[in-house]
Number of protein chains: 2
Amino acid sequence: MANRKVSNMLALAVLSLLNEKPMHPYEMSATMKQRGIPDVIKLNNGSLYSVVEALLKHGWVVPLETSREGKHPERTIYAPTDAGKAEFHDWLRELIYEPAKEYPHFPAALAFIGHVSPQETAGLLDQRIGFIRKNVAERRAGMDYAASQGLSRIFLIEAEFIVHQSEAELKWLLAFKEDIKNGRLTEQVNGETAWHMSVPPDEELLP
Amino acid sequence: MANRKVSNMLALAVLSLLNEKPMHPYEMSATMKQRGIPDVIKLNNGSLYSVVEALLKHGWVVPLETSREGKHPERTIYAPTDAGKAEFHDWLRELIYEPAKEYPHFPAALAFIGHVSPQETAGLLDQRIGFIRKNVAERRAGMDYAASQGLSRIFLIEAEFIVHQSEAELKWLLAFKEDIKNGRLTEQVNGETAWHMSVPPDEELLP
DNA sequence: TTTCGTATAGTCGACATGGACTATGTGATG
DNA sequence: CATCACATAGTCCATGTCGACTATACGAAA
């Protein structure tokens, strides 16, 4: 993947918004909130301003004018440069066609699940299942409401994806729990149910 | 979720390794690589040393001894404290039962897909599908090899999860492509196929 | 025998991140 | 009618992160 000079995903959102019309950072923030962007891109004040600063430094945006309203701090309104527009289009396409190398926490934690007993693991998985079901229900409700207001499906497509992946995770969690309960991953060690943990003698695991 | 004093997942791996036996950072790094940890936790030199430093500062680990081999730099061997062991167990459990709030790139990019034409999107999705199929095949091969060497399934459980989620994504990508091709998301705008993009008049999208 | 790749072991510094903070105006609430 | 919460607009800075770099040793290839 190309090494983006500004890699924070907030910058993608900023470029997208400026492609619609010039804005000052605070308006970007408000617009993003209204559109639910913070559900998929971590938004916080400090990062937004420093990301805009970075975009400026690399010539993707330029200040158009600065104004002030009453005694509020001064506002700087930014517009995208041609290079900024090109960067946006190129970056967006790359994000779609090339899977990013990411490190979600859950699979990482699974790598150490041997440190938790099978019974306790089953209980923890139950709690996770509860949380995810709740998240899915909430997201579904939000989607239904937005659709009922006349918003096209294409604007909700990222929520569709997230719900789909969450449901896949639910399926996997239930199957994993079943495998624990049915003893397909465990053995009896002096009366206790423990993970079946055999390791090749030489640890020759790198083909 | 509890605010971990050291939140980098590398720290979890470090604590896990030190729970087995005291080590110096370079040995941790080598052991992690041998076990395939870098597939699920981003490992890099600089981060490892600063994470160990942070663990030390917060009292999760202590230096046991420092030694040197020839003219190589000095090595500091660390051991976990009781607090460090407790932190490890608590953190690991939390990661299992509570879904983390994460921001993967793909759904974020989907939120801006309106900026790419339906036809081009279909092409990009095809490329993504190709990449993911390749990743799945490679991971499967690695799992099969490890299993053939006698490694228990529980040590491969994170790879199982990742493959499962990747296959779910593939399914979704194919369905999305179908919806584009069948015109379930598009309309004709002066001869061109474009996304159907209606927005409620008032943008009253926050219930 | 020089050079190349790789293992050993760790340091450094530029940049990114995000929580906390400043300061003002305004509508609501008790 | 005081104060509380929230909107407006942005700054600051302690930490965290990670690529690049240092320096030594050693076997193999050229």
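Below, chain A is the first sequence line, B the second, and so on; all start at residue 1.
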Worksheet item: dT17(C), dA9(D), dG10(C): which one has an atom nearest the side-chain heavy atoms of Pro25(B)?
Response: dG10(C)

Discussion item. Go nucleotide by nucleotide along DNA chain C from the 5' end; which of Tyr26(B) and Ser47(B) gets its closest nucleotide reached first?
Written reply: Tyr26(B)

Worksheet, complete the sentence: note: Lys33(B), atom NZ; dT8(C), atom P; distance rounded to Å ~ 9 Å

Worksheet item: Using 30° and 60° as the class limits, which term best fits the ring planes of His24(A) and Tyr26(A): parallel, tilted or perpendicular?
Response: parallel

Worksheet entry | Positive for side chain to side chain donor-acceptor pair (under 3.5 Å) with Arg93(A), one of Gln127(B), His115(B), Glu120(B) | Glu120(B)

Discussion item. Applying side chain to side chain donor-acceptor pair (under 3.5 Å), can you list everything that pairs with Thr193(B), at least two apart in sequence or on another chain?
Written reply: Gln188(B)

Worksheet entry | Residue pair Ile41(B) / Phe112(A): nearest heavy atoms and the distance that separates them | CD1-CE1, 3.9 Å

Worksheet item: Between Phe176(A) and Trp172(A), how do the two ring planes meet: parallel, tilted or perpendicular, split at 30° and 60°?
Response: tilted

Fill in: Side-chain N or O of Asn8(B) closer than 4.0 Å to phosphate OP1/OP2 of dG16(D)
no

Worksheet item: Looking at the side chain of Tyr49(A), which of dT11(D), dT17(D), dT17(C) is the nearest nucleotide?
Response: dT11(D)

Worksheet item: Does a side-chain N or O from His24(A) land closer than 4.0 Å to OP1 or OP2 of dG10(D), or not?
Response: yes

Item to complete: Send over the distance from Glu53(B) CD to dT11(C) P, rounded to a whole Å.
Response: 8 Å

Practice prompt. Indicate the ring-plane relationship of Phe161(A) and Phe106(B), choosing parallel, tilted or perpendicular according to the 30° and 60° boundaries.
Written response: perpendicular

Fill in: Degree of bending, the helix from dT1(C)-dA30(D) to dG30(C)-dC1(D) (end axes from five pairs; round to 10°)
10°

Worksheet item: So does Asn45(A) reach the base of dG10(D) with its side chain, donor to acceptor, closer than 3.5 Å?
Response: yes

Worksheet, complete the sentence: Closest to the 5' end of DNA chain D, once Lys57(B) and Gly46(B) are matched to their nearest nucleotides, is Lys57(B)

Item to complete: Specify the separation, in whole Å, of atom CD of Glu65(A) and atom P of dA9(D).
Response: 13 Å

Worksheet item: Do the side-chain N or O atoms of Lys42(A) get closer than 4.0 angstrom to the phosphate oxygens (OP1, OP2) of dG18(C)?
Response: yes

Item to complete: Indicate, with a heavy-atom threshold strictly under 4.0 Å, whether Ser50(A) touches base, sugar-phosphate, or nothing.
Response: base

Worksheet item: When you measure from the side chain of Asn44(B), which nucleotide among dA9(D), dC18(D), dA9(C) comes out closest?
Response: dC18(D)

Worksheet entry | Separation of dG10(C) C1' from Met23(B) CE (nearest whole Å) | 18 Å

Fill in: Nearest heavy atoms of Trp195(B) and Ser117(B), plus distance in Å
NE1-C, 3.9 Å

